[in-house]
Amino acid sequence: MNKIELNGMSLNELKALMIDIGEKSYRGQQVFTYFNRNNNLDIDSLIQLPKDLRKKISDLSFVNELKIYKRFDSRVDRTSKYLFQLRDDNIIESVFMQYKHGNTACISTQIGCRMGCKFCASTKEGLIRNLTPAEMLNQIYMMEKDTGEVISNVVLMGSGEPLDNYDNVLKFINIIHDENGHNISLRNITLSTCGIIPKIYELSKENLPITLSVSLHSPFDSERAKIMPIAKKYNISELIKACRFYERSTNRRLTFEYTLIENINDTKADLEELSRILKGFNSHVNIIPLNPIKEYDKERPIRDHVKKFQIELLKRNIPATIRREMGSDISASCGQLRRSITKV
Ligand code: SAH
């Protein structure tokens, strides 16, 4: 029999489990709080539970733990990047960022990714496997323990496509948000997707006011398909329709991520079409200057070009920001650090 991942269970699941094994449901709450509020993993030290109950729980479940494999601290800002080692020895990457308005964790949702975006390091070896809810939670809890800081914002922008690991990601969101646990506000959670349309509709119906961030990267189907294989499956007009549906269902402002690539998606035609499709949308464009990787031989635009692109969007009444680069000295975005370690 496969053992259950105890620290990836929701409060209701833990309560139901206790009833199943002939215990009172409040025992489930004790276990949930122990993991998710007290930031403990050693079930043998949960002494409020009788010893025989601890044994019963250990017989049918396991506690999934991560080890810190390496930590890199930025010297230019208060950012640390972590490589975590999983039970099966896979390595994942997470980032801890300190801002004035609170601490943010950027976490991975999969080991690798199967979306194949040309400029993204995470996808170069395909998908290895999905992360479990506990593996996502532990990225946050381990960084809190290590830094002694509280994390109040979570962005699902590390390796992986969150909507390709839908059930586990939803479970993660529900657990991290639970008021008996860490209690992170849903408004402080951002999910970034390359645009898997059916899943955007599904997410719209979950009644979760999280921020949706959609990787657009080009307003033209043919150009987008050259850099993002998902665009061959779903076209931009259907994607925008799904985003509008999300906006109406959740009343949340969306973000469109736009990785700016010199001479690829930074032309006047791109600007015009981008402003046309986003007109009247409660959204903003987050411009990410390309972080070049060796498998994609395109250039990062110079600072002036990035700024100009932003100004041109603003002139067209499209709110636009430039992604602040954090920890630029400790390896760049999305899977680049992990790959530099795993590819020895
Ligand atoms: N799978 C999710 C999360 C990806 S990471 C998604 O596609 O949205 C978050 C953002 O960083 C995405 O917009 C992604 O396209 C972008 N990104 C990935 N690698 C990059 C690179 N080398 N340079 C700039 N942006 C990159």
Side-chain angles (χ1 to χ4, degrees), residues 10-12 36 99 101-102 104-110 115 130-131 133 136-137 140 151-158 160-217 219 224 228 230-231 233-258 274-288 313 317-321 323:
S10 67
L11 179 57
N12 283 341
N36 296 292
Y99 294 104
H101 59 266
T104 297
C106 173
I107 66 161
S108 295
T109 54
Q110 296 180 312
M115 296 300 133
N130 283 331
L131 293 183
M136 290 181 246
L137 292 163
I140 294 169
I151 288 170
S152 51
N153 298 280
V154 176
V155 296
L156 304 178
M157 286 190 189
E161 167 49 49
L163 297 186
D164 190 37
N165 184 15
Y166 190 87
D167 293 345
N168 286 347
V169 164
L170 261 264
K171 214 162 153 192
F172 157 78
I173 292 173
N174 282 318
I175 296 175
I176 199 78
H177 166 62
D178 195 309
E179 60 184 14
N180 296 285
H182 197 306
N183 196 10
I184 291 188
S185 157
L186 291 171
R187 290 170 183 276
N188 293 354
I189 300 177
T190 299
L191 184 153
S192 175
T193 177
C194 63
I196 303 179
I197 290 179
K199 295 290 177 192
I200 295 180
Y201 282 109
E202 215 176 314
L203 187 65
S204 308
K205 293 171 191 151
E206 304 280 358
N207 204 12
L208 294 173
I210 60 172
T211 302
L212 185 66
S213 193
V214 176
S215 298
L216 194 54
H217 304 331
R224 191 165 182 261
M228 302 178 74
I230 193 75
K233 197 159 177 190
Y234 305 115
N235 67 31
I236 294 173
S237 88
E238 291 296 323
L239 178 60
I240 296 295
K241 225 195 260 169
C243 291
R244 292 213 187 256
F245 187 81
Y246 188 88
E247 182 199 14
R248 275 199 307 275
S249 320
T250 59
N251 252 326
R252 298 286 291 154
R253 185 180 196 225
L254 269 83
T255 303
F256 289 98
E257 287 155 288
Y258 200 93
L274 193 55
S275 351
R276 194 187 67 76
I277 62 177
L278 299 185
K279 219 180 179 70
F281 222 118
N282 182 16
S283 71
H284 91 278
V285 175
N286 193 209
I287 305 166
I288 316 172
L313 281 175
N317 285 325
I318 304 292
T321 49
R323 161 104 31 112

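Numbers here simply count residues along the sequence, with the first being 1.
- Within the 4.5 Å cutoff, no side-chain heavy atoms of Thr193 are placed close to those of Leu156.
- Side-chain contact between Val214 and Thr255: absent, with no pair of heavy atoms (C-beta onward) separated by less than 4.5 Å.
- The main-chain N or O of Ala231 is never found under 3.5 Å from a side-chain atom of Arg224 such that the two would form a donor-acceptor pair.
- Residues Gly160 and Pro162 share a closest heavy-atom pair of O-CD, 3.6 Å.
- Salt bridge Arg253/Glu247: absent, no basic N to carboxylate O contact under 4.0 Å.
- Here the CD1 atom belonging to Ile173 is positioned 5.5 Å from the CG atom belonging to Leu191, to the nearest 0.5 angstrom.
- The residue from Ile210, Ile176, Asn153 that alone fulfils the side chain to side chain contact (heavy atoms under 4.5 Å, CB included) condition with Asn188 is Asn153.
- Listed by chain and residue number, nothing satisfies the ring-ring contact (aromatic ring centres under 6.0 Å, His included) test with Tyr166 (two or more places apart in sequence, or in another chain).
- Residues passing the ring-ring contact (aromatic ring centres under 6.0 Å, His included) test with Tyr258 are Phe309, sequence neighbours excluded.
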TODO: Check the pair Val285, Thr321 against side-chain contact (heavy atoms from CB on, under 4.5 Å), reporting the backbone distance first and the verdict last.
DONE: CA-CA 6 Å; Val285 175; Thr321 49; over 6 Å; no

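- Under the rule for a salt bridge (Lys or Arg N to Asp or Glu O under 4.0 Å), Arg248 has no partner lying at least two apart in sequence or in another chain.
- When all heavy atoms of Lys171 and Ser10 are compared, the closest pair comes out as CE-N, 4.3 Å.
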Task: Thr211 and Val155: CA distance, side-chain angles, deciding distance, side-chain contact (heavy atoms from CB on, under 4.5 Å) verdict - done: CA-CA 9 Å; Thr211 302; Val155 296; over 6 Å; no

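- You'll find the side chain of Pro198 stays beyond 4.5 Å of the side chain of Ile200, heavy atoms only.
- For the pair Asn183 and Asp178, the minimum side-chain heavy-atom distance is 4.5 Å or more.
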- [ ] Might you work through the side-chain contact (heavy atoms from CB on, under 4.5 Å) test for Met228 and Met115, ending with a clear yes or no?
- [x] CA-CA 8 Å; Met228 302 178 74; Met115 296 300 133; over 6 Å; no

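- Listed here is the closest heavy atom pair of Ile197 and Leu239: CD1-N, 3.4 Å.
- With rounding to the nearest 0.5 angstrom, the CG atom of Leu208 is 11.0 Å from the CZ atom of Arg252.
- Smallest separation of non-hydrogen atoms from Ser213 and Thr190: CB-CG2, 3.8 Å.
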Open item on the list: Please evaluate residues His177 and Ser185 with respect to the criterion side-chain hydrogen bond (donor to acceptor under 3.5 Å, both in side chains), reporting the C-alpha separation (whole Å), side-chain torsions for both, the decisive distance (0.1 Å), and the verdict.
Closed with: CA-CA 6 Å; His177 166 62; Ser185 157; over 6 Å; no

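- The closest donor-acceptor contact from the side chain of Ser108 to the backbone of Gln110 lies at 3.5 Å or more, if one exists at all.
- Atom-to-atom distance recorded for His284:NE2 and Leu254:CG is 10.5 Å, nearest 0.5 angstrom.
- With values rounded to the nearest 0.5 angstrom, Leu163 atom CG is found 8.0 Å from Lys199 atom NZ.
- The two atoms that bring Pro319 and Ser283 nearest to each other are CG-O, 3.5 Å, heavy atoms only.
- To the nearest 0.5 angstrom, Cys243 atom SG is 8.5 Å from Tyr201 atom OH.
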- [ ] Step by step, work out the side-chain contact (heavy atoms from CB on, under 4.5 Å) result for Asn165 and Phe172.
- [x] CA-CA 11 Å; Asn165 184 15; Phe172 157 78; over 6 Å; no

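- The shortest non-hydrogen separation linking Ile277 to Pro219 is CD1-CB, 3.9 Å.
- For the side chain to side chain contact (heavy atoms under 4.5 Å, CB included) criterion with Pro133, the lone passing option out of Asp167, Asn168, Val169, Leu170 is Asn168.
- Checking side-chain atoms of Asn36 against main-chain N and O of Asn180 turns up no donor-acceptor pair under 3.5 Å.
- With sequence neighbours left out, Glu238 forms a salt bridge (Lys or Arg N to Asp or Glu O under 4.0 Å) with Lys241.
- Under the rule for a side chain to side chain donor-acceptor pair (under 3.5 Å), the partners of His182 that lie at least two apart in sequence or sit in another chain are Glu144.
- With 3.5 Å as the limit, one finds no donor-acceptor pair spanning the side chains of Thr109 and Glu161.
- With rounding to the nearest 0.5 angstrom, the CD1 atom of Ile189 is 11.0 Å from the OG atom of Ser152.
- Using a 3.5 Å distance cut-off with no hydrogens or angles, the side chains of Asn286 and Glu257 do not pair a donor with an acceptor.
- In this structure, the ring of Phe281 has its center less than 6.0 angstrom from the ring center of Phe256.
- Residues forming a salt bridge (Lys or Arg N to Asp or Glu O under 4.0 Å) with Arg187 (at least two apart in sequence, or on another chain): none.
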